[in-house]
Student: 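First, the structure itself, so that you have it in front of you.
None of the values given here were measured: they were computed from a predicted structure. We use all heavy atoms of the structure for the numbers below, so side chains are in, but hydrogens, waters and symmetry mates are not. Sequence positions, counted from 1, serve as the residue numbers for this chain. Read the numbers this way: they start at 1 and go in the same order the structure lists the ligands and their atoms.
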Amino acid sequence: MDEINQAYEEIRHTEAFQNELMQLFQDYVGRPSPVYHAKRLSDQLGGAQIFLKREDLNHTGAHKINHCLGEALLAKYMGKTKVIAETGAGQHGVALATACALVGIPCEIHMGQVDIEKEHPNVTKMKILGCNLIPVTRGTATLKDAVDSAFEEYLKDPVNSIYAIGSVVGPHPFPKMVRDFQSIIGREARQQFQDKFNKHPDYITACVGGGSNAMGLFTAFLEDDDVRIVGVEPAGKGLSTPDHSATLTLGSPGEIHGFKCYVLQDDKGQPLPVHSIASGLTIRALGRSTAT
Ligand SMILES: *Cc1c(COP(=O)(O)O)cnc(C)c1O
């Protein structure tokens, strides 16, 4: 982890790295993504005018490609020969397989068997993109088991391989790196809103799974006292039931997969199961990016 942090700190502000990433954002991802006025949704909900930052229009269909390109470039700069990751719904897997194919580094994705069956189209895409897809059948055969499996594979050869996490979670420096790569969302959105309306939005909001799209949007607005920031966690069947994934609302500092974070846990510090109908939102813990 120290080595990854050191390599990242060495390249993050270099012109070569920034230029290559920004060029890919523009020409490969199709950035900037538009800010769209959702008129009918605004009418239907009555009151606030709602604008959507259209990360869904990025190549591969989500914000994930932003950090995957950053991670794949870092892997290239570090001379790594294999990129390893887990995926839940398959969005991170597809984005990473795409980024690795672009940069030319083999990629191995660990995915729970349950999620493989639920998210067939993404599984097919990952295979077409040439990634080595590893089905994980242990435990609940979902995201958390895929994370364990991917970490184990990474630890077999941390010299030649690199782990590419899918959100602002995991050990330092991953939350920091993913936040930095995703911060393009907020920087664009703030400028786009300024250009259109000559003001800041009153509220910004994002769903919080692991927190990458939220951190990407929120980071640019942290100094703006007039902007209220609202993160939305999966309440599942309700916060009074065990079936939710509201880690920040009801969790406490603990440890998961070997790193410190907010986690839903029992009296003995064992992580509790989480629930959401969205595979990509069942992340049991939230990494908080404390480093800059
Ligand atoms: C991955 C993903 C999420 C959840 O992950 P975050 O790290 O919280 O952003 C939410 N929505 C979409 C479309 C995703 O691909």
Student: So which heavy atom on Ser167 is nearest to which on Gly211, and how close?
Tutor: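 Residues Ser167 and Gly211, closest heavy atoms: OG-N, 3.3 Å.
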Student: Numbering the atoms of ligand 1 from 1, which are under 4.0 Å from a heavy atom of Ser167?
Tutor: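 Those qualifying, in numeric order: 6 (P), 7 (O).
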Student: Can Tyr77 and Glu20 be counted as having a side-chain donor-acceptor contact under 3.5 angstrom?
Tutor: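 Checked: Tyr77/Glu20 side chains pair up, N/O donor to acceptor below 3.5 Å.
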Student: Which atoms of ligand 1 are found less than 4.0 Å from any heavy atom of Gln91?
Tutor: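 It comes down to these atoms of ligand 1: 15 (O).
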Student: Could you report the tightest heavy-atom contact between Leu133 and Lys127, atom names first, then the distance?
Tutor: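 Closest approach of Leu133 to Lys127: CD2-CE, 4.1 Å.
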Student: Please check if the side chain of Lys125 supplies one atom and the backbone of Thr98 the other of a donor-acceptor pair under 3.5 Å.
Tutor: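 No; judged by distance alone, with no hydrogens or angles, the pair does not exist.
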Student: Looking only at distances, please establish whether an N/O atom of ligand 1 is found under 3.5 Å from an N/O atom of Val168.
Tutor: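 No; the residue has no nitrogen or oxygen that sits under 3.5 Å from a nitrogen or oxygen of the ligand.
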Student: Determine, for Asp56 against Arg54, whether the closest basic-nitrogen to carboxylate-oxygen distance falls under 4.0 angstrom.
Tutor: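 Looking at Arg54 together with Asp56, the answer is yes, because their closest N to O distance falls below 4.0 Å.
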Student: May I ask you to check whether Lys53 and Ser33 show a side-chain donor-acceptor distance below 3.5 Å?
Tutor: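 Their side chains do contain a donor-acceptor pair, which is all the 3.5 Å distance test asks for.
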Student: Gly166 to ligand 1: N or O pair under 3.5 Å?
Tutor: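 No; the residue has no nitrogen or oxygen that sits under 3.5 Å from a nitrogen or oxygen of the ligand.
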Student: For residues 23-42, which residue pairs qualify under salt bridge (Lys or Arg N to Asp or Glu O under 4.0 Å), counting only residues two or more places apart or in two chains?
Tutor: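 Qualifying pairs, neighbours excluded: Arg31-Glu55, Arg31-Glu188.
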Student: What are the atoms of ligand 1, with element, lying closer than 4.0 Å to any heavy atom of Gly209?
Tutor: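 Result: 8 (O).
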Student: Could you tell me, atom by atom, which parts of ligand 1 come under 4.0 Å of a heavy atom of Cys207?
Tutor: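 In order of number, 10 (C).
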Student: Considering both backbone and side-chain atoms of Gly211, is one of its nitrogen or oxygen atoms within less than 3.5 Å of a nitrogen or oxygen in ligand 1?
Tutor: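 Gly211 vs ligand 1: N/O contact under 3.5 Å present.
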Student: Please work out whether any backbone atom (N, CA, C, O) or any side-chain heavy atom from C-beta onward of His92 is under 4.0 Å from ligand 1, and answer side chain, backbone, both or neither.
Tutor: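 The answer is neither.
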Student: Which one holds for Ala62 and ligand 1: side chain close, backbone close, both close, or neither close, with close meaning a heavy atom under 4.0 Å?
Tutor: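 The part of Ala62 near ligand 1 is the side chain, not the backbone.
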Student: Below a 4.0 angstrom heavy-atom separation, can you tell me which part of Glu55, side chain or backbone, both or neither, approaches ligand 1?
Tutor: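 Neither part.
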